[in-house]
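Have a look at the structure below before the remarks.
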Amino acid sequence: MAVYTELDEEVLRDFLSLYAIGDLHSFVGIAEGVENSNFLLKTTQGRFILTLFEKRMNPQELPWFLGLMGHLAQHDIACPQPVMARDGRVLRQLAGKPAVIVSFLEGHAREEITPAACAQVGQALARLHKAGQSYEAERPNALGPQGWQSVFASCTDGGDEAVAALITETKEALAAAIKAWPEANDLPRGQIHADLFVDNVFFEGETLSGIIDFYFACTDFLAYDLAICVNAWCFKAEQDYQPDRAAALLQGYEQIRSLSDAERAALPVLCQGAALRFLLTRLYDWVHTPAGALVTRKDPWAYQRRLNHFQKVPHVP
Ligand SMILES: Nc1ncnc2c1ncn2[C@@H]1O[C@H](COP(=O)(O)OP(=O)(O)O)[C@@H](O)[C@H]1O
Ligand SMILES: N[C@@H](CCOP(=O)(O)O)C(=O)O
């Protein structure tokens, strides 16, 4: 569930009067999601998403994310577009939290993943990368190799025997991936989504209709974003690698943006890094989420299995 902050209807009506998006018909909290509180608003002018940013977000970084989403939307990427209030501001405060209203995207996350869906994800990712090239402000990836080390360090005293074993087994892989990681100038860089998982891509029928959740976006290797998608989209039952999906993902991507030889050669290590990144943040949540918390913890072992796959089979697809 992800509604951490309750909203009072009158307070919301007052808030909406700052925008030119019509009068409130109804609002409902959205159960999906983990990080922030999201509400579906229905107004006399249509549907919108209201997000209240919760404590894991650094409010100083919000203008970068909202600027990127606005930039991409203006470049025909189907993503939420931040809505300006009458005074021209997109970021305000509501119920004591930073708040934004964005456009509503039609569609739903897929339940069945096919190579054809992966091909469209690849195309959409490449379009996002191309459109992001003209968004100049940079945001370093806080969850790059340096970040992995500090997340790892903050997991090491907690958890049961299974967690202790996972920590031991991850230590060596972490050191190896950091050592093998490309230098900043080795590969093309730009704005990446960095969390393009199945729940963040909407389809209407068989057609990709939009991409949401840009709050891990950052400036990093473009091919690393592809490696994240290989991890997120190309395994079945959390462990069986599906090379046909990966082939379709890469082919779709290259229909829009060609990969260089260096990017292709780096994909296996980038896939290991992507597996580690999600293993580590899931492990952090596993160790630090108190029993009885509203949020369902995600399984870090699913990403250990992916990491093991890319260690044993160092080629993609
Ligand atoms: N622009 C949007 N249009 C339609 N639905 C959205 C939009 N943004 C978010 N949602 C809905 O809200 C849910 C949670 O959003 P998400 O950005 O993943 O939250 P979190 O960052 O908290 O994980 C999504 O699964 C989707 O159902
Ligand atoms: N995709 C990440 C978790 C981030 O959650 P989101 O709901 O913000 O996409 C993972 O699977 O570990």
Side-chain angles (χ1 to χ4, degrees), residues 1-5 21 27-43 46-58 61-62 65-66 68-70 72-73 77-83 90 97-111 121 142-143 147-148 151 155 192-204 208-218 225 227-235 238 274-289 294-307:
M1 98 78 123
V3 179
Y4 303 98
T5 304
I21 59 169
F27 73 103
V28 60
I30 298 176
E32 291 101 335
V34 181
E35 296 291 328
N36 301 307
S37 297
N38 288 296
F39 298 84
L40 172 61
L41 308 182
K42 289 188 183 157
T43 78
R47 287 181 287 184
F48 298 88
I49 298 287
L50 166 67
T51 301
L52 301 187
F53 296 101
E54 301 292 343
K55 58 182 183 310
R56 288 225 281 206
M57 291 296 305
N58 173 358
E61 294 198 308
L62 290 172
F65 297 119
L66 301 175
L68 177 65
M69 287 154 69
L72 295 175
I77 304 298
C79 69
Q81 172 145 33
V83 176
V90 291
K97 309 271 165 71
V100 66
I101 295 177
V102 299
S103 57
F104 180 87
L105 296 187
E106 299 291 344
H108 296 283
R110 283 187 83 89
E111 285 180 5
V121 173
L143 290 171
W148 304 338
V151 176
C155 292
I192 68 168
H193 183 285
D195 188 26
L196 201 58
F197 274 54
V198 177
D199 58 338
N200 290 330
V201 182
F202 287 0
F203 284 79
E204 284 189 283
L208 191 152
S209 56
I211 290 176
I212 63 165
D213 204 356
F214 283 76
Y215 301 111
F216 284 111
C218 55
D225 227 5
I228 290 172
C229 290
V230 173
N231 272 271
W233 288 84
C234 304
F235 285 78
E238 296 292 351
L276 269 166
R277 175 261 181 258
F278 290 99
L279 185 169
L280 289 169
T281 50
R282 286 177 171 210
L283 176 61
Y284 180 92
D285 289 345
W286 198 269
V287 170
H288 293 283
T289 305
L294 292 171
V295 174
T296 311
R297 296 176 304 179
K298 295 190 177 186
D299 173 12
W301 287 273
Y303 279 79
Q304 183 189 36
R305 292 190 284 267
R306 285 161 165 77
L307 174 61

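Note that this is a predicted model, so its numbers are computed, not measured. Side chains included, hydrogens not; waters and symmetry mates left out as well; all remaining heavy atoms used. All ligand and atom numbering here is 1-based and tracks the order in the structure.
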Side chain, backbone, both or neither: the part of Ser103 lying under 4.0 Å from ligand 1 by heavy atom: backbone
Subset of ligand 2 atoms that lie under 4.0 Å from at least one heavy atom of Phe278: 2 (C), 10 (C), 12 (O)
Enumerated ligand 1 atoms positioned under 4.0 Å from heavy atoms of Glu35: 20 (P), 21 (O), 22 (O), 23 (O)
Side-chain (Asn38) to main-chain (Glu32) donor-acceptor, under 3.5 angstrom: no
Heavy-atom closest contact (Thr51 atom, Asn36 atom, distance): CG2-CB, 3.8 Å
Numbering as shown, the atoms of ligand 1 that approach Asn200 to under 4.0 Å (heavy-atom distance): 18 (O)
Which residue and heavy atom of the protein sit nearest atom 1 (N) of ligand 2, plus the separation: Asp195 OD1, 2.7 Å
Closest to atom 5 (N) of ligand 1 (judged by heavy-atom distance), picking from Ile49, Asn38, Asp199: Ile49
Under-4.0 Å heavy-atom contact with ligand 1, by part of Thr51 that carries it: neither
Geometric class of the Phe27/Phe39 ring pair [parallel <30°, tilted 30-60°, perpendicular >60°]: tilted
Lys97 atom NZ: more than 12 heavy-atom contacts under 6.0 Å: yes
Arg277 to Phe216 six-membered ring, cation-pi geometry met (6.0 Å, 45°): yes
Close N or O approach (Tyr215, ligand 1; < 3.5 Å): no
For Leu105 against Ala78, the heavy-atom pair lying closest together: CD1-O, 3.9 Å
Region of Asp199 that comes within reach of ligand 2 [heavy atoms, distance under 4.0 Å]: side chain
Enumerated ligand 2 atoms positioned under 4.0 Å from heavy atoms of Phe197: 1 (N), 10 (C), 11 (O)
Closest heavy-atom pair and its distance - Asp285, Arg297: O-CD, 3.6 Å
Residues, nucleotides or ligands: over 12 heavy atoms within 6.0 Å of His288 NE2: yes
Any donor-acceptor N/O pair, Ser37 side chain to Leu52 backbone, under 3.5 Å: no
Nearest non-hydrogen protein atom, atom 8 (O) of ligand 2: Asp213 OD2, 2.8 Å
Contacting atoms of ligand 2, where contact means under 4.0 angstrom from a heavy atom of Lys298: 3 (C), 5 (O), 10 (C), 11 (O), 12 (O)
Heavy-atom nearest neighbour in the protein, as seen from atom 11 (O) of ligand 2, with distance rounded to 0.1 Å: Arg282 NH2, 2.7 Å
Ligand 1 atoms in contact with Pro80 (distance to a heavy atom under 4.0 Å): 1 (N)
Within 6.0 Å of OH in Tyr284, more than 12 heavy atoms from elsewhere: no
For Ile30, the ligand 1 atoms whose distance to one of its heavy atoms is below 4.0 Å: 11 (C), 12 (O), 13 (C)
Thr281 N/O to ligand 2 N/O under 3.5 Å: no
Contact atoms of ligand 2, heavy-atom distance to Asn200 under 4.0 Å: 9 (O)
Candidate pair Tyr215 and Met57, rule side-chain contact (heavy atoms from CB on, under 4.5 Å), full reasoning: CA-CA 8 Å; Tyr215 301 111; Met57 291 296 305; 4.0 Å; yes
Distance under 6.0 Å and angle within 45° of ring axis: Arg282 vs Tyr303: no
Taking every non-hydrogen atom, the tightest pair across Arg110 and Phe203: CG-CD1, 3.2 Å
Numbered atoms and elements of ligand 1 in range of Phe202, under 4.0 angstrom, heavy atoms: 4 (C), 5 (N), 26 (C)
Part of Glu32 within contact of ligand 2 (heavy atoms, under 4.0 Å): neither
Under 4.0 Å to a heavy atom of Leu105 - the qualifying atoms of ligand 1, by number: 1 (N), 2 (C), 3 (N), 4 (C)
Glu32 neighbourhood, listing ligand 1 atoms whose heavy-atom distance to it stays under 4.0 Å: 13 (C), 14 (C), 25 (O), 27 (O)
